[in-house]
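Please read through the structure below; I'll follow up with questions.
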Amino acid sequence: MSPMDNINDLENSSKEQLVEKVESMQEEIDSLKEENSKAKSNLMWKVRKLEKDKVLIENEKIRLERETKSLRSEVERFRSPPLVLATITEVLDDYRMTVKSSTGPSFLVNYSKFLDEKLLVPGSRVALNQQTFGIVEVLPSEKDANVTGMEIETKPDITYDKIGGLEEQIVEVKETVELPLKEPELFEKIGIDPPKGILLYGPPGTGKTLLAKAVANETNATFIKIVASEFVKKYIGEGARLVREVFELAKEKAPAIIFIDELDAVAAKRLKSSTSGDREVQRTLMQLLAELDGFESRGDIGIIGATNRPDILDPALLRPGRFDRFIEVPLPNDDGRKQILKIHTKNMALDEEADLDLLSSLTDGLSGADLKAVCTEAGMFAIREKRDRVTVTDFMDAVEKVLDKEHDDEFIKEAGVMFA
Ligand SMILES: Nc1ncnc2c1ncn2[C@@H]1O[C@H](COP(=O)(O)OP(=O)(O)OP(=O)(O)O)[C@@H](O)[C@H]1O
């Protein structure tokens with residue numbers, strides 16, 4: 001091979017090597033570019049997520065500030081001394097009038113020119129400051145006050161088959177409330193008084209109200225629900241008056257079931273403390289005890305109390321002749337949860353893989369109300385994605401959402417205590 005040939009060969013091979021080198025460098029640049037764009041989009045995504053989280057945190061902060069503010073004002077409201085309830089007897093001149101207080105005596109009091117003169121007529125109810133007896137506000141008419149806080153259903157549409165996992169409780173409620181209402185003669189024949197009242201106790205959302213409504217439905221009784229915290233009024237004498245009215249209303253509407261929810265709001269152990277607020281609550285409790293004692297259950301009125309806090313109830317309430325039976329309404333066990341899930345998914349369009357037994361085993365510790373919420377949320381997930389079937393995933397996401405909410409509720413409750 002001539003020297004020229006050798007040089008040509010050398011040139012060609014170095015060219016090839018150069019080309020190869022350039023190509024591999026180009027490949028390297030391309031892959032670096034690709035990595036770079038991936039890293040960039042990843043970073044952008046992270047930045048966007050951080051911005052979203054920042055907004056969420058800001059919103060959460062605003063929500064908590066609002067919650068804290070409302071909790072503070074709620075605490076202030078309950079700390080303020082109750083006002084005296086009175087009725088206007090005569091309106092005089094120069095912003096004065098005579099009133100008769102609910103505790104008995106009459107007073108000549110002043111009123112502010114800013115009050116609406118149209119409302120200041122004889123017979124109107126007003127609230128007086130306990131110290132100065134000045135008129136603080138004009139109250140709604142007696143009839144309105146009766147209705148607030150009371151739920152009256154002529155015939156609730158709840159039947160026993162809509163209650164899951166409470167077979168034993170249903171038997172007890174049938175025996176102690178339904179039977180005296182349906183067959184009072186059985187008790188007359190034997191010569192005993194039917195149990196006067198039953199107390200359902202257990203965690204929130206376990207079916208206490210349902211049981212009371214189911215009895216009312218079964219006995220065609222009017223269902224009168226009052227949340228006992230409604231008895232705790234600002235005005236002296238108002239709570240006791242409301243207790244009297246509830247029992248009078250039940251007599252008018254008999255057969256009737258009086259369902260007093262959150263009984264612990266008025267029936268907590270009597271305190272030694274002497275704040276006027278506590279004295280008002282104790283006055284209301286005394287009225288409730290008097291109504292229960294004086295109450296001749298002719299078998300046409302059933303009384304059902306409910307509480308999540310049986311441990312703080314005043315023992316006076318629990319002696320025989322008042323609330324004779326205490327029935328625990330616990331969180332549902334596995335079988336109870338299956339029944340409750342079946343009840344609340346009865347009309348739902350479920351995917352064939354939606355396994356309620358599995359769901360029930362994964363929801364230990366949830367109440368009936370939680371399980372109802374899980375079914376509703378699962379349906380919402382399907383609706384949001386425009387599907388016509390609710391899948392297992394929807395249920396799993398729903399359980400997570402309900403558990404998160406439980407956690408939030410717990411947090412707000414603790415936050416409330418912290419700022420009290
Ligand atoms: N055992 C149950 N079977 C079926 N549904 C239930 C059951 N328990 C609760 N639920 C569902 O939860 C809702 C709330 O139940 P309910 O009002 O009876 O609870 P509660 O025990 O009275 O609660 P609270 O103590 O907070 O007043 C019911 O309307 C129902 O949809």
Side-chain angles (χ1 to χ4, degrees), residues 149-153 155-174 177 197-218 223-232 257-268 302-313 323 325-348 356 359-360 363-380 395 398-399 401-403 405-406 409-410 412-413:
M150 248 188 262
E151 173 193 328
I152 301 170
E153 279 185 60
K155 184 170 163 68
D157 61 357
I158 298 289
T159 48
Y160 290 120
D161 61 351
K162 287 186 183 155
I163 305 175
L166 295 177
E167 293 79 6
E168 288 165 27
Q169 288 78 3
I170 288 175
V171 168
E172 277 217 71
V173 163
K174 279 176 170 238
V177 184
I198 63 168
L199 180 66
L200 303 175
Y201 66 91
T206 48
K208 298 184 284 299
T209 308
L210 284 185
L211 283 167
K213 287 191 172 182
V215 177
N217 170 289
E218 189 61 33
F223 178 78
I224 301 170
K225 171 175 181 177
I226 178 90
V227 181
S229 48
E230 282 301 319
F231 288 140
V232 184
I257 300 268
I258 302 176
F259 179 65
I260 307 176
D261 202 0
E262 295 176 19
L263 198 57
D264 42 280
V266 286
I303 299 171
I304 302 178
T307 179
N308 311 141
R309 293 294 313 276
D311 54 307
I312 64 169
L313 288 184
F323 285 103
R325 289 284 181 92
F326 322 130
I327 302 174
E328 185 182 10
V329 184
L331 288 170
N333 58 20
D334 187 48
D335 186 47
R337 291 195 298 275
K338 275 182 202 147
Q339 292 179 39
I340 295 172
L341 286 168
K342 276 206 181 81
I343 289 166
H344 293 301
T345 55
K346 199 165 104 193
N347 303 324
M348 286 176 74
L356 296 184
L359 187 60
S360 158
T363 47
D364 186 18
L366 288 193
S367 68
D370 296 330
L371 294 172
K372 165 84 184 283
V374 163
C375 297
T376 308
E377 289 299 340
M380 289 304 292
F395 278 105
V399 170
K401 184 170 179 182
V402 167
L403 287 176
K405 185 183 172 309
E406 301 255 308
D409 290 352
E410 206 47 46
I412 287 177
K413 211 183 322 177

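Read the numbers this way: they start at 1 and go in the same order the structure lists the ligands and their atoms.
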Query raised in the report: Is it the case that Asp334 and Ser360 place a side-chain donor and acceptor less than 3.5 Å from each other?
Result: yes

Query - Given Ile304, Ile303, Ile260, Leu313, the one that forms side-chain contact (heavy atoms from CB on, under 4.5 Å) with Leu199 - result: Leu313

Report task. For atom CD of Glu328, decide whether the heavy atoms of other residues, nucleotides or ligands shown that lie under 6.0 angstrom number more than 12. Result -> yes

Can you give me every donor-acceptor pair (side chain of residues 201-214, partner residue at least two apart or in another chain, under 3.5 Å) with its distance?
residue	atom	partner	partner atom	Å
Thr206	OG1	Pro203	O	2.9
Thr206	OG1	Lys208	NZ	3.3
Thr206	OG1	Val329	O	3.3
Lys208	NZ	Gly202	O	3.2
Lys208	NZ	Pro203	O	2.7
Lys213	NZ	Glu151	OE2	3.2
Lys213	NZ	Glu153	OE2	3.0

Query raised in the report: Ignoring hydrogens and geometry, is there a side-chain-to-backbone donor-acceptor pair from Arg309 to Asp264 under 3.5 Å?
Result: no

**Report entry** Sub-4.0 Å heavy-atom environment of ligand 1, residues by chain
**Finding:** Lys162, Ile163, Gly164, Leu166, Pro204, Gly205, Thr206, Gly207, Lys208, Thr209, Leu210, Asp261, Asn308, Ile340, His344, Gly368, Ala369, Lys372

Query raised in the report: Are the side chains of Lys162 and Thr159 in touch, meaning some heavy atoms are under 4.5 Å apart?
Result: yes

